[in-house]
Protein chains: 2
Amino acid sequence: MFDVKVYTIGKRYNRVGRVWRALQHLLQAENADARGCAGAFLQHQKLATIEDVAAIAGVSIATVSRAINEPGKVADETRRRVTEAVAKTGYTTNAMARSLRMRRSNMILILAPDVGDPNFSNILVGLETEASKRGYGVLIGNTQNDATRETDYLRFISSNQADGLILFTGHLPYGFGNEAGESRLPPMVAVNEPVSDSDVPFVGVDNFEGSRVATEHLISQGHRRIAFIGHSTTKAVNMLRERGYRAALEGQAIAVDPRLILDGDGTTESGRAATEQMFVRDVLPTAFLCVNDATALGVIISLNARKYDLPRQFSVMGFDDISFASFVTPSLTTMKQPRLKIGEEAMDLLLALLAGKTPEKKEVLLRSELIVRNSVSRIGRE
Amino acid sequence: MFDVKVYTIGKRYNRVGRVWRALQHLLQAENADARGCAGAFLQHQKLATIEDVAAIAGVSIATVSRAINEPGKVADETRRRVTEAVAKTGYTTNAMARSLRMRRSNMILILAPDVGDPNFSNILVGLETEASKRGYGVLIGNTQNDATRETDYLRFISSNQADGLILFTGHLPYGFGNEAGESRLPPMVAVNEPVSDSDVPFVGVDNFEGSRVATEHLISQGHRRIAFIGHSTTKAVNMLRERGYRAALEGQAIAVDPRLILDGDGTTESGRAATEQMFVRDVLPTAFLCVNDATALGVIISLNARKYDLPRQFSVMGFDDISFASFVTPSLTTMKQPRLKIGEEAMDLLLALLAGKTPEKKEVLLRSELIVRNSVSRIGRE
DNA sequence: ATCAAACATGAAAACCTTTACATCGTTAGG
DNA sequence: CCTAACGATGTAAAGGTTTTCATGTTTGAT
């Protein structure tokens with residue numbers, strides 16, 4: 001009994017305090033107005049709160065909240081008054097309070113080893129576009145493959161500042177699963193590279209298929225001795241692209257010559273080194289299929305340095321279609337990754353996960369597109 | 001009197017509620033533990049709160065907060081107990097609650113017309129690195145020069161989700177100053193392009209000086225007839241670079257030939273168009289100073305198409321040193337923008353503004369660096 | 001006319017911190 | 001011995017939402 005009474009008085013007290021505060025705000029707002037725009041750069045301006053709006057509209061804050069978030073649930077007339085009050089005060093929901101209450105920040109953290117990577121940026125644009133369209137914000141973390149930084153970024157997750165995670169890194173961030181309390185993985189989606197040894201959903205290009213198409217293009221131009229530059233036993237992407245290459249050759253009943261398959265880690269330097277090695281060994285192809293554009297560039301540089309006339313004497317094909325592919329001489333024939341689309345699909349998938357849906361597939365593979373430029377020619381005299 | 005009594009009881013009640021809740025959390029945590037890692041992907045896991053920590057350490061939540069944020073203010077023994085409790089629970093401060101209370105989110109919003117722009121990414125890396133080092137997070141907004149999107153991103157500012165703003169856009173975001181309540185500008189710093197008609201602090205490269213150095217380099221190679229490609233009456237960057245070009249010529253007492261100054265908006269296409277125009281008019285320079293690398297690329301493509309031997313017959317110089325500059329044939333001699341440094345300085349300045357400091361300068365200009373490659377040669381027979 | 005269901009709104013709890021103020025014990029200075 | 005100052009800690013308010021539950025009102029069916 002006593003408790004109940006206390007309660008009631010407590011309520012009253014509280015309510016009065018709120019209204020009073022609301023009035024304070026209004027007064028301050030008017031003052032600020034009178035002062036003109038002088039305080040434009042002032043930092044801790046009092047912004048209008050939901051209470052100010054409620055006071056003006058003559059309703060409770062609950063109603064204001066509903067009018068904004070579930071317009072169908074309030075009477076037309078009330079909604080009109082609230083809308084008007086919002087306009088008058090310039091009210092915007094305080095996202096912090098909202099997130100605190102809803103335990104959801106509507107933010108996505110993107111972890112990438114290097115934001116400057118040309119392969120990265122357009123995927124990022126896609127991610128950002130889709131997120132923004134759906135009312136989410138995008139937080140970026142540039143890890144530079146540094147374990148400390150990766151761990152550090154997890155604070156965004158554990159402190160509720162981000163609801164989900166996009167991984168460009170190809171592995172789970174260090175720092176997950178160390179401490180008992182730390183082991184909580186947020187919903188996440190991998191992009192660019194699949195996360196090894198895990199069931200993290202992946203969105204990316206179909207590397208096997210793309211590489212097969214690329215090889216078939218070379219074959220269609222009459223090439224039979226096609227080198228593959230970029231063999232690797234560790235990089236998943238390289239392995240898939242090599243498999244596509246092999247599949248295409250086998251499909252056309254062309255024997256795979258192991259001397260035409262050279263190691264490479266996907267850097268320009270590795271492309272050049274591999275080419276030089278071929279000349280040293282004197283086992284030459286008529287066409288080079290490179291694991292990516294950067295490698296192809298190395299090959300082209302090496303061939304140009306040896307004064308070969310491209311693409312007459314050698315054809316070179318890349319993969320990815322990164323920005324400089326069209327600027328090299330000869331401009332690079334390659335497979336274009338649908339980066340924008342990859343970003344959009346990945347974000348879409350992540351938001352679905354956040355909404356509690358279980359995706360039907362753990363892997364979304366998009367088609368790459370053959371971009372014909374000038375680095376591949378029909379095989380001629382040679 | 002009565003009020004006071006009510007108050008006291010209210011407190012007790014509240015306090016009991018808190019402890020009870022804290023115990024609940026602990027129980028749940030143990031349960032979760034017992035269940036193993038099954039709930040790894042579970043979304044709304046209850047995380048440990050400051051109250052759990054307080055309960056375990058046997059202190060009040062205020063003390064926990066102090067132990068974490070102002071370690072000097074609590075006794076050694078207490079601090080030890082709190083630290084231990086934090087470790088045991090895996091507690092992380094809830095950033096939302098913290099931001100709400102402190103009215104500060106420790107987030108910076110970056111507004112850029114196109115995140116994919118090669119000029120952009122390394123500045124972004126610099127911005128991000130510095131922000132992260134100082135405990136700030138970085139939120140990106142890709143506006144695509146769309147007024148609607150720019151306005152839309154302001155919600156991050158007005159909803160307190162970001163404390164400051166980095167502008168790549170060269171203008172204030174649309175939507176500021178429209179409504180009475182909307183006119184509040186957060187602290188901001190411009191980068192890449194200064195914001196016209198405003199006193200927004202700018203961090204960037206010294207375009208005038210850089211362009212002067214570039215021109216002098218061409219002069220030092222014996223060139224006297226130097227074209228400037230990229231004249232503009234609207235773009236501040238173009239205007240500054242043209243002024244640097246003129247200053248260098250005048251410094252060496254070389255007359256400025258207006259027929260050698262051509263319009264250009266900084267795109268590759270504009271570089272090509274300008275070059276073609278020169279051949280049509282038959283007023284030819286020995287060297288092309290281009291307003292940026294993209295323009296230079298257009299010039300090179302055009303000259304290559306006309307089968308000129310570069311750099312023997314024409315020298316071409318760029319500005320920016322974007323990623324493909326070293327891959328073009330001939331590789332591009334250019335002025336390198338210290339992008340990482342620009343990003344770091346800009347973020348440093350913004351954080352200083354946020355801390356309430358008034359910067360001494362409204363403009364931080366960094367030196368660009370001459371990168372000598374193969375597109376410029378000493379003038380020879382011609 | 002009666003009752004249930006539907007509808008519109010309000011009250012207050014909950015989300016989790018930080019911090020001004022109060023309290024209490026200890027120490028130093030007079 | 002008294003007081004002041006100080007150091008360590010606790011109490012509760014404040015920050016601005018969303019949402020459950022309760023309350024009162026209207027509608028519709030019987």
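So you know, we letter chains A, B, ... as the sequences are listed, proteins then strands, and number each from 1.
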Review point. So, is B:Thr63 close to the D:dG10 phosphate, meaning a side-chain N or O under 4.0 Å from OP1 or OP2?
Key: yes
Practice item. Would you tell me if any nitrogen or oxygen in the side chain of B:Ser65 comes within less than 4.0 Å of OP1 or OP2 on C:dT18? Key: yes
Tell me: [atom1] of [X] to [atom2] of [N], nearest whole Å?
X: A:Arg66; N: D:dC21; atom1: CZ; atom2: C1'; result: 11 Å
X: B:Leu47; N: C:dC16; atom1: CG; atom2: C1'; result: 11 Å
X: A:Tyr91; N: D:dT17; atom1: OH; atom2: C1'; result: 7 Å
X: A:Leu100; N: C:dC15; atom1: CG; atom2: C1'; result: 4 Å
X: B:Met102; N: D:dG15; atom1: CE; atom2: C1'; result: 12 Å
X: A:Asn160; N: D:dT17; atom1: CG; atom2: C1'; result: 15 Å
X: A:Ile61; N: D:dT19; atom1: CD1; atom2: C1'; result: 11 Å
X: B:Arg104; N: C:dT17; atom1: CZ; atom2: P; result: 16 Å

Partner residues of [X] under the salt bridge (Lys or Arg N to Asp or Glu O under 4.0 Å) criterion, sequence neighbours left out:
X: B:Glu345; result: B:Lys341
X: B:Glu130; result: B:Lys133, B:Arg134
X: B:Arg98; result: none

Exercise for review: Return the 5'-most residue of the pair B:Arg101, A:Val64 with respect to DNA chain D, ranking by each residue's nearest nucleotide.
Suggested key: B:Arg101
Practice item. Specify the residue among B:Ala62 and A:Met96 whose closest nucleotide of DNA chain D lies further upstream toward the 5′ end. Key: B:Ala62
Practice item. Could I get the full list of side-chain contact (heavy atoms from CB on, under 4.5 Å) partners for B:Pro359, not counting sequence neighbours? Key: B:Leu349, B:Leu353
**Study point:** By side-chain contact (heavy atoms from CB on, under 4.5 Å) - contacts of B:Ala57 (at least two apart)
**Key:** B:Val59, B:Arg81, B:Val82, B:Ala85
Taking the side chain of [X] as heavy atoms from C-beta outward, which of [options] is closest to it?
X: B:Thr49; options: C:dT19, C:dC16, C:dG10; answer: C:dC16
X: B:Asn94; options: C:dT17, C:dG10, D:dT9; answer: C:dT17
X: A:Ala97; options: C:dA11, C:dT17, D:dG16; answer: D:dG16

Review point. Does A:Arg149 pair with A:Asp152 as a salt bridge, N-O distance under 4.0 Å?
Key: no
Check your understanding: Counting only N and O atoms by type, is there a donor-acceptor contact under 3.5 Å from the side chain of A:Asn142 to the main-chain atoms of B:Val125?
Key -> no
Check your understanding: Looking at DNA chain C, which of residues 67-83 of chain B put a heavy atom within less than 4.0 Å of it?
Key -> B:Asn69
Exercise for review: Would you classify A:Thr93 as touching base, sugar-phosphate or nothing, given that sugar-phosphate means primed atoms plus P, OP1 and OP2, and contacts are heavy atoms under 4.0 Å?
Suggested key: sugar-phosphate
